[in-house]
Amino acid sequence: MVISVTPVTPEEQAAVVNDEGRGFLPGHLRLTFRAIGVGWATATMPVTGAHMAINGYLHAGAVTSLADTVCATGCLKHLPEGAESFTTLELKANFLGTVRSGEVICEGRMIHGGRTTQVWDATVADQSSGRTLALFRATQLILYPR
């Protein structure tokens with residue numbers, strides 16, 4: 001059963017998450033959630049020098065952090081009743097392309113929302129062209145109080 005945490009718009013939900021993430025990795029990567037809805041979330045990340053690998057292209061770790069954060073935040077906002085938190089069990093990535101500038105966008109969708117696990121798929125694309133850069137699947141283990 002999917003539970004909405006607060007009765008706000010997807011954009012208002014994203015603003016709350018953006019504020020919460022400022023002092024953590026999402027804030028350092030300048031990741032910005034655009035909207036978080038029932039079973040989905042979207043966020044963008046600029047492509048700056050801080051996001052690059054030494055070869056001058058967008059670092060795979062930055063892209064993976066974006067996708068993991070989108071899936072994890074979606075999971076956190078859709079925990080089953082009685083759940084306390086979650087942890088990522090597995091994150092699979094397929095990289096299809098890269099960029100050297102601009103902004104990337106990640107769209108995540110819940111594929112499975114069970115009592116013990118959630119599975120999320122995410123796509124990262126070049127914001128300006130829409131070209132897919134990476135595909136992800138994340139599995140989260142739902143944690144309950146002991």
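What you see below is based on every heavy atom in this structure, not just the backbone, and it leaves out hydrogens, waters and symmetry mates.
- Between Val17 and Lys77 there is a side-chain heavy-atom pair separated by less than 4.5 Å.
- Taking both residues in full, the closest heavy atoms of Cys106 and Ala67 are given as SG-CA, 3.8 Å, listed atom of the first, atom of the second, then distance.
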Legend entry - Worked check of side chain to side chain contact (heavy atoms under 4.5 Å, CB included) between Glu84 and Tyr144: CA-CA 5 Å; Glu84 178 176 79; Tyr144 292 88; 5.8 Å; no

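- The shortest distance between side-chain heavy atoms of Trp120 and Met110 falls below 4.5 Å.
- Open room surrounds CZ on Phe24; 12 or fewer heavy atoms of other groups in view lie less than 6.0 Å from it.
- Taken together through direct or relayed side-chain contacts under 4.5 Å among Ile, Leu, Val, Met, Phe, Trp and Tyr, Leu29 and Phe136 form part of one hydrophobic cluster.
- A heavy-atom distance below 4.5 Å is found between the side chains of Ile36 and Thr73.
- Ala60 pairs by the side chain to side chain contact (heavy atoms under 4.5 Å, CB included) definition with Phe95, not counting sequence neighbours.
- Checked against Arg137 for a side chain to side chain contact (heavy atoms under 4.5 Å, CB included), the options Asn94, Val119, Leu91 give a single hit: Val119.
- Thr44 OG1 to Arg30 CZ: the interatomic distance, rounded to the nearest 0.5 Å, is 10.0 Å.
- Residues Gly82 and Pro145 approach most closely at O-CD, 3.3 Å, considering heavy atoms.
- The minimum heavy-atom distance between Ala43 and Val70, with the atom names listed, is CB-CG2, 3.7 Å.
- Nearest heavy-atom pair across Arg115 and Glu81 is NH1-O, 3.3 Å.
- Contacts of Arg131 classified as salt bridge (Lys or Arg N to Asp or Glu O under 4.0 Å), with partners at least two apart in sequence or in another chain: none.
- Hydrophobic clustering of Ile, Leu, Val, Met, Phe, Trp and Tyr side chains at less than 4.5 Å, counting indirect connections, unites Leu76 with Ile142.
- For the pair Leu135/Asp121, no side-chain contact is recorded, criterion being any heavy-atom separation below 4.5 Å from C-beta on.
- Counting only heavy atoms from C-beta outward, the side chains of Cys71 and Gln118 never approach each other to under 4.5 Å.
- Between the CG atom of Leu141 and the CG atom of Leu89 there is a distance of 4.5 Å, given to the nearest 0.5 Å.
- Leu31 contributes atom CG, which lies 8.0 Å from atom NE2 of His51 (distance to the nearest 0.5 angstrom).
- With contacts defined as side-chain heavy-atom distances shorter than 4.5 Å, the pair Leu25/Thr69 does not qualify.
- When every heavy atom of Val38 is checked against every heavy atom of His78, the shortest pair comes out as CA-NE2, 3.3 Å.
- Each of Thr98, Leu96, Val99 was evaluated against Leu133; a single residue qualifies, Val99, per the side chain to side chain contact (heavy atoms under 4.5 Å, CB included) test.
- With hydrogens and angles ignored, the 3.5 Å screen pairs a side-chain donor or acceptor of Asn18 with a backbone N or O of Phe33.
- Residues Met52 and Val47 come closest through the heavy atom pair CE-CG1, 3.8 Å.
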